Amino acid sequence: MANLRRPRSAAHSLGRRRALTAPVAAGALVRLLTERFGSDLRDLWTDEDTVEFQTDASRAHDQLRTLRDDPDLAFFMLADAAAVDYGTGTRFEVVYHLFSWKHPGWLRLRVHVDRSDPRIATITDLWEGAMFHEREMYDMMGIVFEGNRDLRRIYMSPDYRSFPHRKDFVLPDDAADSPAAGVNPLERPETWDLTRFNQAPDITFPTSELRDDAPAEAVEDGATRADTGRPR
Amino acid sequence: MAVDRPTTTDETAPPRGNGPIVIPDQAGNDPLLSQFGMEEHPQGGFHGLLEVIPTKADYVLDLIRANSLWPLLSGLSCCAIEMMSTATSVNDIDRFGMFPFRASPRQADVLIVAGTLTTKMAGPLVRLWEQMPEPKWCVAMGTCTTSGGRFKRSYSVVQGVDRVMPVDVYVPGCPPRPEGLIYGMMKLHELVKQRRGEWRTYVDRGPQRTRWEGDVR
Amino acid sequence: MDFELILGIGRFLLATTLLLLLTVPTAFVIIQMEMKIIAQMNLRFGPNRVGPRGIFQSTIHGFKVLAKEDTIPDQADRGTFTLAPWMVYMAAAMSMLVIPFAPGAVAANFNIGIVYFFAVLGLSVVGLLVAGWASYNKYSLLGGLRSAAQMVSYEIPLTLSIVGAVVLAGTLNFSELIAWQRENVWLFIAQPVGVGIFYISSLAEVNRTPFDMVEADSELVAGPFTEYSGMRFGFFFFAEYVALFIMSGILVSLFFGGWLAPWPFPAQLDGFGGTLYGIFWFFLKTYIFVFIAVWLRATLPRVRVDQLMGMAWKVLLPLALVNLFITAIVVVVLDL
Amino acid sequence: MTKIDPETRIPDPIELDRIEEDRLRAVAGLAPVRAEGGEYAGFDQVGLPDRPPQTDREREIYTLGEGEMLVNMGPQHPSTHGVMRLVVKVRGEIIVDIDPVLGYLHRGIEKLCENATYTTVLTYVDPMDYLATMNNEHAPAIAFEKLYGIQPPKRAEYIRALVVELERVSSHGLMMGFLALDMGGITPILYAFINRDEIVDLLSAISGQRMLFNFFRVGGVNFDTNDEFLSRLGTWRGRVLKNIEMNERLITDNEIFRSRTIDMGTLTGRDAISLGVTGPNLRASGVPFDVRKAQPYSIYNELEFDVITQTGGDSYARYLQRIAEIKQSIHLIDQIIDKMPHGPVQAQVPGIIRPKPGRAYAAIESPRGLYSVYAISDGGPNPYRFRMRDPSFISLQAMPKLMPGRLVADTMAIMASLDPVMGGVDK
């Protein structure tokens, strides 16, 4: 995976770059951030309408608390919380977007989460609205949010085994004849095997023994067909 | 005379929908009964007695059924909005006697599946279909319903409603225009009227479950 | 057994079968009328395919419902499940006996016509309750309980609003009441409050729109008859419309001078012409009120359950009692 | 005078029934019904196979106390909001707790977008919020233009704003109809559809499709305005206020409607912000947050409009907010028509674009709230990660806060006033 450094000026073919709307005002935010968070701030970077910095899972919750409660930062609204998977060998990333009246543009907080044991502190105590964001991230990526009162699958059926938005969950190219043949099995309650539920909800990573009944076929770049884990 | 549906124990019945849907045609192969157009139902009892009445009555019955099809008030996604705009003032489905969208499946004749059928919704939809009383028809509205449409490759979409239930009329389009849906309903009218004479009181659609795991009690 | 008794019984049997047969076409006509009027109010065409300009559409609906397979849910209580629709329909049909269509044309000229009418009308509450319980479905249970509570709590203002008129006219017999109205003024002028209470309560009694909690499809799927299909559902569907016709008929007979013609026309003709004359005016006035009920259905949203109950007990009941009290004082003072 | 032993307790009838019932259940070999503090009722009551609760919130909902019952407003529900299952814990008619079960329309759009080219992503995104389809395409288009580093021509920006505002008028008009339909009124929904059908014909004149338009491209729009579109726009502009006012006359001062919506489901501004509710529902609670003003995108900084807020925060305020926003959008449309410049509508962009690796976050103000897209590109033809934040999905969290304590009949009124669209909720 190419290293995702972003070139400073990407003037491109016909269209001219959008003029930087607020270089100066962002400076005030940048100064405040370095003053508040200092060493933990990594790779502070600004775009024409976004200020972005990275941090790691343990520091994320306190930084978000200060961002929200500090009077001159005042990021009162959590616009978005997304999970990004950077491939089997690398890491997960939980990306928070915040908005404040005092600072123009969005603040993007990228939190690194270890892929083998994806755990991060929940922020539902700061914003109640983060509950559905976190349930979706758990449902789609398998990131466990410690302290979340209601961490269960929101989209897929409660006994669905794999996490669809991970990079190793390969979409069957032709749904008709691939092992993950679309409809198989039908989401019918009587086909659920209920043994799956008495395990604790913190099943973070569908290790191979979980899918003992489905032999894992190797796919070209090492990603297994996660879908074979479905009960036939 | 109300033919009561034969009760089958659903443990033995294979879970429906996995295998391909086979719509049993007229089994009627028993020589003694076939000349009267009757045959024995696998769970006992006969049906098809109505054939004895001359076809003129069936013709009238089909005309009555065709002109008063009550659709079930159920829509899945964007096609439901087009189904609603079919029932509104501009293009009016009430002209063909279809207006009272019945909320309960017990009183509906037609199940217009409008929208993308996902694996999580397949169970409830099959239950709705099985709760509807006989002479029932199914109209698959929209390409998502007919074959999975633009979401065919998705991990959670049923590639076509006919994988879970027998469909009578397919209406193409994403979403089909209201005129397209009305054209589909006219096709359904012809289909209902074509079955003159060979309509039976009880269409054998295989072992029907009477108790459902997810029955709303 | 003397001759008049046999003649009387024969006449009664003929009249009841005639009325029972009358209920079905009445239901067809009112359903067709409602479909067409709501369609016109929604700026759309309404059924126009079946028969000339679509007038047989409701008949087709009726026969199609006849030809449906009626399923009985697995755990439903079969006996009461099949009994419930019959009860509701009989309540509606039996109460047609006392409606005075024309001077002589009354099926049964009871001298306690009004009391009989309200007694029989209460039977449909039992039918809905039994339907709700028997069909082993949470929605129908909730719907059944709601409808029972609504209809019971609206029968009281319904009955009390009549007592004012009865006190004025001094009789419980419909024909004598109409006769009184012919001499004196029509009762809706003498009893304006009584008319209002009666009309609101009759709408609630028949589950028509501002109060159609029973079939509130946006919350409970289809009220007590969620699990009914085929002809059983047909009974419920028709009973509702027949009851609407009866309520309008009673309203017209009690307050708007049953078969009397309004002011510019001669109030009543005698002989066979008079009967036709009376029938014409009775049906005209009744269908005006049916039109108003359908009009309400097209426009008004639904009242919530607790507001519904609150209005019955806190507003209509006291109003009816006050109306009765004033009427009684007026009658005693002016010694009508 | 016989002395009554003070300790003897006269068993009250309910207690007698309960003892009798337990005795009968013991005779029949069934478990006793009641346990103190409520007993976990399991999923069997709502038509799902019984299984142990996974989280304590689930245990809290599916534990039934005294006289409580789980009613299942299942996926197929008469109210027109699509397939959502509300498991409602009810005591009599009063709602005790509510658990929205989602996912019945989850089509995995984000996963499909990660395997599709940038242009195809705009078609996958269409059926998300199917009442305002142009907005679904607006955010990804802006995000991809940021990634690709291109700016659409001025006329394309104006056409985009025009069709987006038209969709806002049609979507808010439908909300008024759905709110009245959920409370029993039949006519308002049909009047609302008259207005919608006019706008839909208008947009099909310019884009060729009635609902899922696929009209936006990276770097502009697909078609320029033709004369049929402009003439229909003129006739529609003349009729829309009369049509909206016809519907308003039917609903706004209707006594039954007011008694069923005023101070129903009141959401305070602070709760709304904490719950993530955005858009008209947030402004109806008094918070003046509108993405078009807070983070101006496209040409909204050149147009003059104001952010309207209500004070009530209840269903009636949300209804009034929609009407006010319709009038604002019509005012915006007038300005757009006046100021629309001439020029090309599509920048010179190759069919399959390969943006430089980078990240872009584009947020717009859809009729249901803040709809934002976070796209990451890795230089290839497919977006590496395509994340959508749907406003109605997040503002659904307000329902378990607003409904307890209300009657079953009010659930529809509150849900209709929040106006979720299940295509967007389940992505």
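Numbered from 1 within each chain, the chains take letters A, B, ... in sequence-line order. These figures come from a predicted structure and were not determined experimentally.
Here D:Leu250 contributes atom CG and C:Leu300 contributes atom CG; the two are 8.5 Å apart, rounded to the nearest 0.5 Å. Atoms CZ and CZ, on C:Arg302 and D:Arg260 in that order, are 7.0 Å from each other to the nearest 0.5 Å. Here D:Met69 contributes atom CE and C:Leu142 contributes atom CG; the two are 4.5 Å apart, rounded to the nearest 0.5 Å. For the atom pair C:Met41 CE and D:Leu190 CG, the distance stands at 13.0 Å (nearest 0.5 Å).
Contact of D:Ile194 with chain C is made through the side chain alone, with heavy-atom distances under 4.5 Å. With a threshold of 4.5 angstrom between heavy atoms, D:Leu407 approaches chain C through side-chain atoms but not through N, CA, C or O. Heavy atoms of D:Phe257 lying under 4.5 Å from chain C belong to its backbone as well as its side chain.
Under the salt bridge (Lys or Arg N to Asp or Glu O under 4.0 Å) criterion, D:Asp201 pairs with D:Arg210, not counting sequence neighbours. C:Asp306 pairs by the salt bridge (Lys or Arg N to Asp or Glu O under 4.0 Å) definition with C:Arg304, not counting sequence neighbours.
The two residues C:Pro301 and D:Asn254 make their nearest non-hydrogen contact at CD-ND2, 3.2 Å.
When the shell of 6.0 Å around CD1 of C:Ile292 is examined, it contains more than 12 heavy atoms from other residues, nucleotides or ligands. Within 6.0 Å of the CH2 atom in C:Trp295, the count of heavy atoms belonging to other residues, nucleotides or ligands does not exceed 12. Counting non-hydrogen atoms of neighbouring residues, nucleotides and ligands closer than 6.0 angstrom, the CZ atom of C:Phe45 reaches no more than 12 such neighbours.
When each of D:Ala413, D:Ala180, D:Ser259 is scored by its heavy-atom pairs under 4.5 Å with chain C, the top score falls to D:Ser259.
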